[in-house]
K.L.:
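If you scroll down you'll find the structure; I have some questions about it.
Numbered from 1 within each chain, the chains take letters A, B, ... in sequence-line order.
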Number of protein chains: 2
Amino acid sequence: MSTRRALTRNQALVLDTLTACDEPLSAYAILDRLRGEGVRAPLQVYRALDKLVETGLVHRLDSLKAFVACSHPHEHDGAAVVAFAICENCARVWEFSDSKIEDRFAAWAEAESFLTKATTIEISGLCVSCRKAAEATEGAKTAV
Amino acid sequence: MSTRRALTRNQALVLDTLTACDEPLSAYAILDRLRGEGVRAPLQVYRALDKLVETGLVHRLDSLKAFVACSHPHEHDGAAVVAFAICENCARVWEFSDSKIEDRFAAWAEAESFLTKATTIEISGLCVSCRKAAEATEGAKTAV
DNA sequence: CAAACTCTGTAATGATATAACATCGGAGTT
DNA sequence: AACTCCGATGTTATATCATTACAGAGTTTG
């Protein structure tokens with residue numbers, strides 16, 4: 001039943017690189033980290049990424065032109081809509097989904113007879129820690 | 001009270017180009033259409049786009065790396081979250097917003113203490129007409 | 001007037017992504 | 001084994017998207 005195929009060498013290298021990193025990487029950043037492993041051309045990385053994205057093990061963040069390993073690869077049963085919150089300071093990513101949101105999009109699509117194939121949701125802002133850090137320095141500044 | 005400023009020549013040219021077009025255009029596509037008006041360098045277009053996006057008159061569709069004129073420029077009172085549905089066949093774009101969806105995102109952000117600065121929502125699929133056209137040819141094919 | 005500011009134009013470059021082509025190697029035959 | 005099919009690979013070149021750096025022109029504002 002599982003459509004999960006063994007990964008090829010390049011795919012495994014790319015996935016490992018992304019998994020080991022706690023922030024999104026551009027294709028070229030991945031390439032740089034894999035030169036030691038014999039990966040030399042962008043296309044090798046892009047091809048691996050294409051497959052990984054296709055199977056849901058990796059997500060592309062359009063707003064960053066970068067890629068992250070999926071944090072819930074096991075939950076990819078249905079066509080769940082996933083949202084990403086990206087901290088613009090530390091670049092870390094939170095992946096979540098919400099069935100109510102999904103329902104509203106489905107309702108809109110239904111009303112318009114739009115056939116949905118993919119949904120991209122990306123929220124950028126500041127995560128708790130970076131927010132607090134920013135508020136602290138703000139406070140110090142204005143407190144002078 | 002209005003922060004609306006008169007547009008500069010380049011900004012007006014770019015906005016007019018986008019408004020006249022019923023599908024998203026890349027910056028370079030805009031440039032090509034404006035060569036006759038004396039626009040020669042990508043930067044002239046990108047600078048105009050930056051301002052237009054900043055004031056909300058134009059949106060950038062990350063998933064397409066392209067730009068569209070906003071369909072509801074007058075409604076840009078608050079920080080409304082806008083979603084885009086993009087037909088992958090005819091490239092037309094539907095812009096809509098839903099306060100319930102907005103509420104859910106706000107709730108997530110609240111729970112995580114995430115400070116939201118921008119939200120990008122892009123849905124790709126097939127619009128009514130393209131969907132029907134596709135189904136028609138599908139039907140013809142399987143009906144042989 | 002001069003300082004500060006914004007918009008402008010141009011050239012060069014950086015960053016992201018794909019096309020085209022030849023080759024390799026495994027899976028399933030025959 | 002020889003054959004074919006098919007997907008992955010490696011390499012070069014090129015397309016597409018976006019920004020840096022620098023200099024000049026025009027306006028506001030003190």
K.L.:
Check side chain to side chain donor-acceptor pair (under 3.5 Å) between B/Lys117 and all other residues, then give those that pass, not counting sequence neighbours.
P.N.:
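If we apply the side chain to side chain donor-acceptor pair (under 3.5 Å) test to B/Lys117, skipping adjacent residues, the hits are A/Glu88.
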K.L.:
OP1 or OP2 of C/dG9 less than 4.0 angstrom from a side-chain nitrogen or oxygen of B/Gln44, does that happen here?
P.N.:
yes
K.L.:
With respect to the side chain of B/Asn10, which nucleotide from D/dA8, D/dT11, C/dG9 is positioned closest?
P.N.:
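In terms of side-chain proximity for B/Asn10, the closest of D/dA8, D/dT11, C/dG9 is C/dG9.
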K.L.:
Let me know the distance between CD1 of B/Ile30 and P of D/dC17, rounded to the nearest Å.
P.N.:
11 Å
K.L.:
Can you tell me the distance, in whole Å, between the CG atom of B/Leu31 and the P atom of D/dT19?
P.N.:
15 Å
K.L.:
Do nucleotides 18-23 of chain C as a string where each nucleotide becomes B, S or -: B if the base has a protein heavy atom under 4.0 Å, S if just the sugar-phosphate does, - if no protein is that close.
P.N.:
BBB---
K.L.:
If a pair satisfies ring pair (Phe, Tyr, Trp, His ring centres under 6.0 Å) and one of its residues is in residues 19-46 of chain A, list it, with sequence neighbours excluded.
P.N.:
none
K.L.:
Residues in side chain to side chain donor-acceptor pair (under 3.5 Å) with B/Asn10, at least two apart?
P.N.:
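Residues passing side chain to side chain donor-acceptor pair (under 3.5 Å) with B/Asn10: none at all.
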K.L.:
A/Glu54 has an atom CD; how far is it from atom P of D/dG7, in whole Å?
P.N.:
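Distance check: A/Glu54 CD to D/dG7 P gives 11 Å.
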K.L.:
For the pair B/Phe114 and A/Trp94, name the ring-plane relationship: parallel under 30°, tilted 30 to 60°, perpendicular over 60°.
P.N.:
perpendicular
K.L.:
Please state how far atom CG in B/Leu49 lies from atom P in C/dC7, giving the value in whole angstrom units.
P.N.:
14 Å
K.L.:
Report the distance from atom CG of A/Asp62 to atom P of D/dC17, rounded to the nearest whole Å.
P.N.:
14 Å
K.L.:
Using the side chain to side chain donor-acceptor pair (under 3.5 Å) criterion, which residues pair with B/Asp103? Sequence neighbours excluded.
P.N.:
none
K.L.:
Roughly, in whole Å, what's the span from CZ in A/Phe67 to P in C/dA15?
P.N.:
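So the CZ-P distance, A/Phe67 to C/dA15, works out to 16 Å.
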K.L.:
Here's a test of your reading of the structure: between B/Ala41 and A/Leu64, which maps to the more 5' nucleotide of DNA chain C?
P.N.:
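It is B/Ala41 whose nearest nucleotide is closer to the 5' end.
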K.L.:
To the nearest Å, how far apart are A/Arg40 CZ and D/dA13 C1'?
P.N.:
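Taking CZ of A/Arg40 and C1' of D/dA13, I get 17 Å after rounding.
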K.L.:
In whole angstroms, how far is the P atom of D/dG7 from the CG atom of A/Leu7?
P.N.:
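Value for this atom pair: 17 Å.
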K.L.:
Using atom types as modelled and distance alone, determine if a side-chain donor or acceptor of B/Glu122 lies under 3.5 Å from a backbone N or O of B/Asp62.
P.N.:
yes
K.L.:
With sequence neighbours excluded, tell me which residues meet side chain to side chain donor-acceptor pair (under 3.5 Å) with B/Asn89.
P.N.:
none
K.L.:
For A/Thr8 and D/dA8, is the shortest distance between a side-chain N/O and OP1 or OP2 below 4.0 Å?
P.N.:
no
